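The block underneath contains the structure these notes are about, expressed in structure tokens.
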Amino acid sequence: MTDKIVGGNEAPKPGRLVLLRHGQTAWSVSGQHTGRTDIPLTAAGEHQAIEAGIRLREAFPDGFAEGCVFASPLRRARQTAALAGYGSHQVLPFIAEWDYGRAEGRTRATVGELLGRTWDLWRDGTESLPPSMDADRVETLPDGTQVPVHNGKGETLDEVASRTRLAIREVVPLIEAGHDVLLVAHAHVLRILTTQWLGVDPSAARLLRLDTARYSVLSRYKGDNVIEQWNI
């Protein structure tokens with residue numbers, strides 16, 4: 001096989017970096033910014049996670065070696081990993097979702113109403129939101145579950161990009177050893193991580209659509225870091 005050492009001299013063929021977004025949540029349906037609020041999957045999201053596991057096993061029949069599956073510490077990502085069949089994953093804090101700060105739990109339209117002007121996360125950033133929007137509150141999900149929401153300073157795009165580079169640094173030795181690595185996390189952080197894999201500006205992440213419970217594959221091709229598949 002090409003990923004094994006031949007004659008003891010050749011390096012193994014690099015593995016691939018597989019990115020899986022968590023399944024549906026109540027806020028992915030409503031469009032509320034869901035960063036560090038620890039909400040669960042919906043029933044539909046649980047089903048999506050199971051289906052994602054089936055697709056991943058078809059695409060990667062050899063699976064992922066021990067120590068090569070990582071999930072965000074947030075519940076929706078860990079649920080997705082477990083339901084997809086990767087319950088023995090490790091938690092990787094670097095791939096927690098973007099801390100949206102004062103936009104957390106609010107839709108883009110709601111933020112605009114509070115500001116009195118249009119607001120765009122990618123264009124304006126969390127840092128454009130004033131301290132007057134700070135709050136600690138409780139939101140009730142459609143199923144009656146109550147979740148605490150914190151609105152504070154949040155993270156800038158560059159801060160998120162910086163920690164995704166740490167995530168990449170964490171898994172690169174596994175990839176270079178020939179292992180495929182699976183990261184189960186969130187739309188924005190995985191899109192930003194992809195820009196850092198490619199070596200482009202993190203703002204380019206806005207151009208990469210990643211739907212719930214869909215996966216993408218990053219790899220190396222002729223010496224370059226590339227996108228091999230997207231939003232599968």
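Note that this is a predicted model, so its numbers are computed, not measured. Excluded from the calculations below are hydrogen atoms, water molecules and symmetry mates; all remaining heavy atoms, backbone and side chain alike, are included.
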query = Do Arg16 and Phe60 come within less than 4.5 Å of each other through their side chains, counting heavy atoms only?
reply = yes
ask   = Is any NZ, NE, NH1 or NH2 atom of the basic residue among Asp38 and Arg75 found under 4.0 Å from an Asp or Glu carboxylate oxygen of the other?
value = no
same_hphob_cluster(Leu92, Ile192) at 4.5 Å side-chain heavy-atom cutoff = yes
request  = List the atom of Arg36, the atom of Glu97, and the distance in Å for their closest heavy-atom pair.
outcome  = NE-O, 2.7 Å
request  = Flag the pair Arg163 and Glu155 as a salt bridge only when some basic side-chain nitrogen lies within less than 4.0 angstrom of an acidic carboxylate oxygen.
outcome  = yes
message = Whether the Ser203 and Asp201 side chains hold a donor-acceptor pair (N or O, under 3.5 Å, no angle test) is what I'd like checked.
response = yes
remark   = In this structure, CG of Leu115 is separated from OG of Ser128 (nearest 0.5 Å) by 6.5 Å
task = Provide the closest heavy-atom pair for Ala204 versus Thr195 in the form atom of the first, atom of the second, distance.
result = C-CG2, 4.0 Å
message = Is it the case that the side chain of Arg102 and the backbone of Thr126 share a donor-acceptor pair, with hydrogens and angles ignored and the cut-off at 3.5 Å?
response = no
task = Spell out, as yes or no, whether a donor-acceptor pair under 3.5 Å connects the side chain of Asp120 to the backbone of Trp122.
result = yes
ask   = With distance as the sole test, does His47 use its side chain to make a donor-acceptor pair with the main-chain N or O of Ala44 at under 3.5 Å?
value = no
task = Applying side chain to side chain donor-acceptor pair (under 3.5 Å), run through Thr37 and Thr34 and close with a yes or a no.
result = CA-CA 6 Å; Thr37 305; Thr34 320; over 6 Å; no
ask   = Would one find more than 12 heavy atoms of other residues, nucleotides or ligands at under 6.0 Å from atom CZ of Arg123?
value = yes
Val189 vs Val160 side-chain heavy atoms within contact, under 4.5 Å = yes
query = Are Leu182 and Phe70 close enough, and set up right, to give a side-chain contact (heavy atoms from CB on, under 4.5 Å), and what steps lead you there?
reply = CA-CA 6 Å; Leu182 174 63; Phe70 301 86; over 6 Å; no
request  = Could you grab the distance from atom CD1 of Ile39 to atom OG1 of Thr145, nearest 0.5 Å is fine?
outcome  = 10.0 Å
inquiry  = Between Trp27 and Glu104, is the side-chain contact (heavy atoms from CB on, under 4.5 Å) condition met? List the steps.
reply    = CA-CA 11 Å; Trp27 286 5; Glu104 181 72 18; 4.1 Å; yes
request  = Ignoring hydrogens and angles, state whether a donor on the side chain of Asn231 or Arg21 is under 3.5 Å from an acceptor on the partner side chain.
outcome  = no
ask   = Would you say the side chain of Gln90 lies within less than 4.5 Å of the side chain of Val69, judging by non-hydrogen atoms?
value = no
key: Side-chain heavy-atom pair Arg106, Met133 within 4.5 angstrom cut-off   = yes
key: Under 3.5 Å donor-acceptor, Glu46 side chain and Leu83 backbone   = no
key: Distance-only polar pair, side chains of His22 and Thr212, donor-acceptor under 3.5 Å   = no
query = Considering all heavy atoms of both residues, which atom of Ala213 and which atom of Arg55 are nearest to each other, and what is their separation?
reply = O-NH2, 2.6 Å
ask   = With a 4.0 Å cut-off, would you call Lys153 and Asp134 a salt bridge?
value = no
ask   = Under the 3.5 angstrom rule, does the side chain of Gln196 hit a backbone N or O of Leu193 as a donor-acceptor pair?
value = no
query = Taking the six-membered ring for Trp, are the ring centroids of Trp119 and His33 within less than 6.0 Å of each other?
reply = yes
task = Indicate if Trp230 and Leu17 have the same hydrophobic cluster label, given that clusters are the connected sets of ILVMFWY residues with side-chain heavy-atom separations under 4.5 angstrom.
result = yes
message = Testing Thr42, Asp211, Thr80 one by one against Gln24 for a side-chain contact (heavy atoms from CB on, under 4.5 Å), which residue passes?
response = Thr42
task = Using modelled atom types only, decide if a donor and an acceptor are shared between the side chain of Asn225 and the backbone of Leu198 within a distance under 3.5 Å.
result = no
task = Please check if the side chain of Gln79 supplies one atom and the backbone of Leu41 the other of a donor-acceptor pair under 3.5 Å.
result = yes
ask   = When hydrophobic residues are tied together by side-chain contacts of less than 4.5 Å, even through go-betweens, does Val181 share a cluster with Val91?
value = no
inquiry  = I need the His179 NE2 to Asp62 CG distance, nearest 0.5 Å.
reply    = 12.5 Å
note = Closest heavy-atom pair, Ala161 versus Pro202, reported as atoms and distance to 0.1 Å, is CB-CB, 3.9 Å
message = Tell me whether Gln229 contacts the main-chain N or O of Val217 through its side chain, where contact means a donor paired with an acceptor under 3.5 Å.
response = no
key: pair Leu56-Tyr215: side-chain heavy atoms closer than 4.5 Å   = yes
key: Atom pair CD1 (Ile168) and CG (Leu218), whose distance is rounded to the nearest 0.5 Å   = 8.0 Å
message = Check this for me: does any side-chain nitrogen of one of Glu176 and Arg220 sit under 4.0 Å from a carboxylate oxygen of the other?
response = yes
key: Any Phe94 side-chain heavy atom under 4.5 Å of Thr164 side chain   = no
inquiry  = So for atom CZ, which belongs to Arg169, do other residues, nucleotides or ligands contribute more than 12 heavy atoms lying within a distance under 6.0 Å?
reply    = no
ask   = Backbone N or O of Leu190 within a donor-acceptor pair of the Thr194 side chain at under 3.5 Å?
value = yes
query = Closest heavy-atom contact between Ala84 and Arg57?
reply = O-NH1, 2.7 Å
Cluster overlap Val29 with Val111, hydrophobic side-chain contacts below 4.5 Å = no
ask   = Is a salt bridge present between Glu139 and Arg137, judged by a nitrogen-to-oxygen distance below 4.0 Å?
value = yes
query = Looking only at heavy atoms, what is the nearest atom pair of Ala81 and Ala71, with distance?
reply = CB-CB, 4.3 Å
ask   = How long is the span from the CD1 atom in Ile232 to the CG atom in Leu20, to the nearest 0.5 Å?
value = 12.0 Å
request  = Step by step, work out the side-chain contact (heavy atoms from CB on, under 4.5 Å) result for Arg191 and Leu19.
outcome  = CA-CA 9 Å; Arg191 292 158 65 188; Leu19 313 176; over 6 Å; no
message = So does Gly101 get a backbone contact from the side chain of Asn151, meaning a donor-acceptor N/O pair under 3.5 Å?
response = yes
ask   = Rounded to the nearest 0.5 Å, what separation is found between the CD atom of Gln32 and the CG atom of Leu141?
value = 8.5 Å
ask   = Could you go step by step and tell me if Val184 and Ser72 meet the side-chain contact (heavy atoms from CB on, under 4.5 Å) rule?
value = CA-CA 6 Å; Val184 186; Ser72 157; over 6 Å; no
ask   = If two hydrophobic side chains count as joined below 4.5 Å and joins carry through other members, does Val171 share a cluster with Phe64?
value = no
